[in-house]
Amino acid sequence: MKRCDFNTGWTCRPLSREGDAVPVTLPHDAMRTERRVETSLGEGNIGWFEGGDYEYKKLFSVPSDLQGQTLILEFESVYHNAEVCLNGEKLAFRPYGYTNFYVDLTSHLKDGENELTVIARNADQPNSRWYSGTGIYRPVWLWAAKDEYILLNGVRIETLGISPARIRASVKTSVAGKAKFEVLSGDACIAVFEIDADPAGSNPIEITLPDAKLWSPEEPNLYTARVTFGEDVVEETFGIRTLTWTPDKGIAINGKRTVIRGACIHHDNGLL
């Protein structure tokens, strides 16, 4: 599928207080426009902002080169209780504010100008123990495809074993057909296979890769899967490794005990 930028041409206006719609470019954090007061219900967890509800709106027409195609919007995240409407018709509701979601516009579009409205509700304070932000605070993308295409997130690859390296691959497509599956190491193609693809990805294949380099924290070797279905091409990066958990070793990667080190980077780190 083809990904198009959908982050310009928006307006935002508050719903829980008086205020005019103002032009914005996504990603946009509406909480930063609010007052910071001692009576904030979210208190210090949200930086003493008030919290509010907002309406985002975008007027758009489908470009001529995309007309007649499948058109799907991807919202990387909206905080929170998001409602998505197209030309007054409610198409989606997403309560959770930290993960992406998709909205299929295809059968709801009309000729000429369309009106897309997104409501983000954050007046239900307190609802977070860190700074959440408000609104469409991550990018939005328009995915377009002709009749035969690889579904979004439709390529799945999993490690079956490492001695020798074996993977299982499946491909989900809009219609049943043959897909070409190539494994690349850098720019070099090291394996080519054919997969019977369908909307359910119900015909996985198992692939053995002799002399494959495993992924580990010390040697993070990666491969690329290039999948071709008709005119549609998707590339996914993957590593070959096993994960196990045992009482004596804890977490092991490729059979080797591994101590996990790191930090939890909370959502509010974005504000900093």
Side-chain angles (χ1 to χ4, degrees), residues 1 3 74-77 96-102 129-130 138-139 141 143 149-174 176-230 232-270 272:
M1 301 186 77
R3 191 179 80 164
E74 178 187 5
F75 292 86
E76 288 198 14
S77 256
Y96 193 61
Y98 297 117
T99 53
N100 67 331
F101 62 98
Y102 301 92
R129 60 187 178 90
W130 53 68
R138 291 181 184 165
W141 308 99
W143 292 90
Y149 61 93
I150 300 168
L151 300 184
L152 287 170
N153 307 311
V155 178
R156 180 180 175 84
I157 304 161
E158 56 184 314
T159 300
L160 299 178
I162 58 175
S163 298
R166 292 186 302 115
I167 62 173
R168 178 187 290 125
S170 62
V171 179
K172 295 181 180 180
T173 50
S174 58
K178 300 290 186 180
K180 183 170 73 170
F181 188 96
E182 301 172 87
V183 179
L184 307 178
S185 177
D187 295 328
C189 180
I190 62 173
V192 180
F193 299 88
E194 188 175 72
I195 294 182
D196 291 321
D198 61 30
S202 56
N203 299 295
I205 62 170
E206 296 185 7
I207 301 169
T208 299
L209 298 173
D211 303 318
K213 296 180 179 179
L214 302 183
W215 183 97
S216 69
E218 297 77 22
E219 298 183 60
N221 299 299
L222 295 174
Y223 293 88
T224 300
R226 178 191 293 152
V227 182
T228 305
F229 184 72
D232 199 12
V233 179
V234 170
E235 291 189 351
E236 296 286 356
T237 302
F238 69 96
I240 301 172
R241 51 89 182 112
T242 59
L243 299 176
T244 55
W245 292 260
T246 59
D248 57 328
K249 287 187 177 181
I251 296 177
I253 299 177
N254 301 329
K256 177 184 176 182
R257 181 175 183 269
T258 303
V259 178
I260 302 298
R261 297 181 176 89
C264 180
I265 304 300
H266 278 266
H267 165 83
D268 56 358
N269 228 52
L272 302 179

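Since the structure is predicted, the reported quantities are computational estimates derived from the model, not experimental observations.
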Are any side-chain N or O atoms of [X] and backbone N or O atoms of [Y], one a donor and one an acceptor, separated by less than 3.5 Å?
{"X": "Asn254", "Y": "Thr242", "value": "yes"}
{"X": "Asn203", "Y": "Ile195", "value": "no"}
{"X": "Thr173", "Y": "Ala176", "value": "no"}
{"X": "Thr258", "Y": "Lys256", "value": "yes"}

Can you give me the closest heavy-atom contact between [X] and [Y], atom names plus distance?
{"X": "Gly239", "Y": "Trp215", "value": "CA-CB, 4.1 Å"}
{"X": "Val234", "Y": "Ile150", "value": "CG2-CD1, 3.8 Å"}
{"X": "Pro210", "Y": "Thr208", "value": "CD-O, 3.4 Å"}
{"X": "Ala179", "Y": "Val227", "value": "CB-CG1, 4.2 Å"}
{"X": "Arg138", "Y": "Ser77", "value": "NH1-OG, 3.3 Å"}
{"X": "Gly161", "Y": "Ile240", "value": "O-CG2, 4.4 Å"}

**Asked** Is a salt bridge present between Asp196 and Lys178, judged by a nitrogen-to-oxygen distance below 4.0 Å?
**Response** yes
**Item:** Residues Glu219 and Lys213 bridged, charged N to O under 4.0 Å
**Value:** no
Please round to the nearest 0.5 Å and tell me the distance separating atom [atom1] of [X] and atom [atom2] of [Y].
{"X": "Tyr223", "Y": "Leu184", "atom1": "OH", "atom2": "CG", "value": "11.5 Å"}
{"X": "Arg241", "Y": "Ile253", "atom1": "CZ", "atom2": "CD1", "value": "7.5 Å"}
{"X": "Glu182", "Y": "Glu194", "atom1": "CD", "atom2": "CD", "value": "12.0 Å"}
{"X": "Thr224", "Y": "Glu235", "atom1": "OG1", "atom2": "CD", "value": "6.0 Å"}
{"X": "Tyr149", "Y": "Met1", "atom1": "OH", "atom2": "CE", "value": "5.0 Å"}
{"X": "Ser185", "Y": "Leu209", "atom1": "OG", "atom2": "CG", "value": "10.0 Å"}

**Request:** Indicate the ring-plane relationship of Phe101 and Phe75, choosing parallel, tilted or perpendicular according to the 30° and 60° boundaries.
**Result:** parallel
Do [X] and [Y] come close enough that some side-chain heavy atom pair is under 4.5 Å?
{"X": "Ile207", "Y": "Phe181", "answer": "yes"}
{"X": "Trp143", "Y": "Leu152", "answer": "yes"}
{"X": "Ile251", "Y": "Trp245", "answer": "yes"}
{"X": "Arg226", "Y": "Val233", "answer": "yes"}
{"X": "Ile167", "Y": "Phe238", "answer": "yes"}

**Asked** Just wondering, are more than 12 heavy atoms of other shown residues or ligands nearer than 6.0 Å to CG in Asp187?
**Response** no
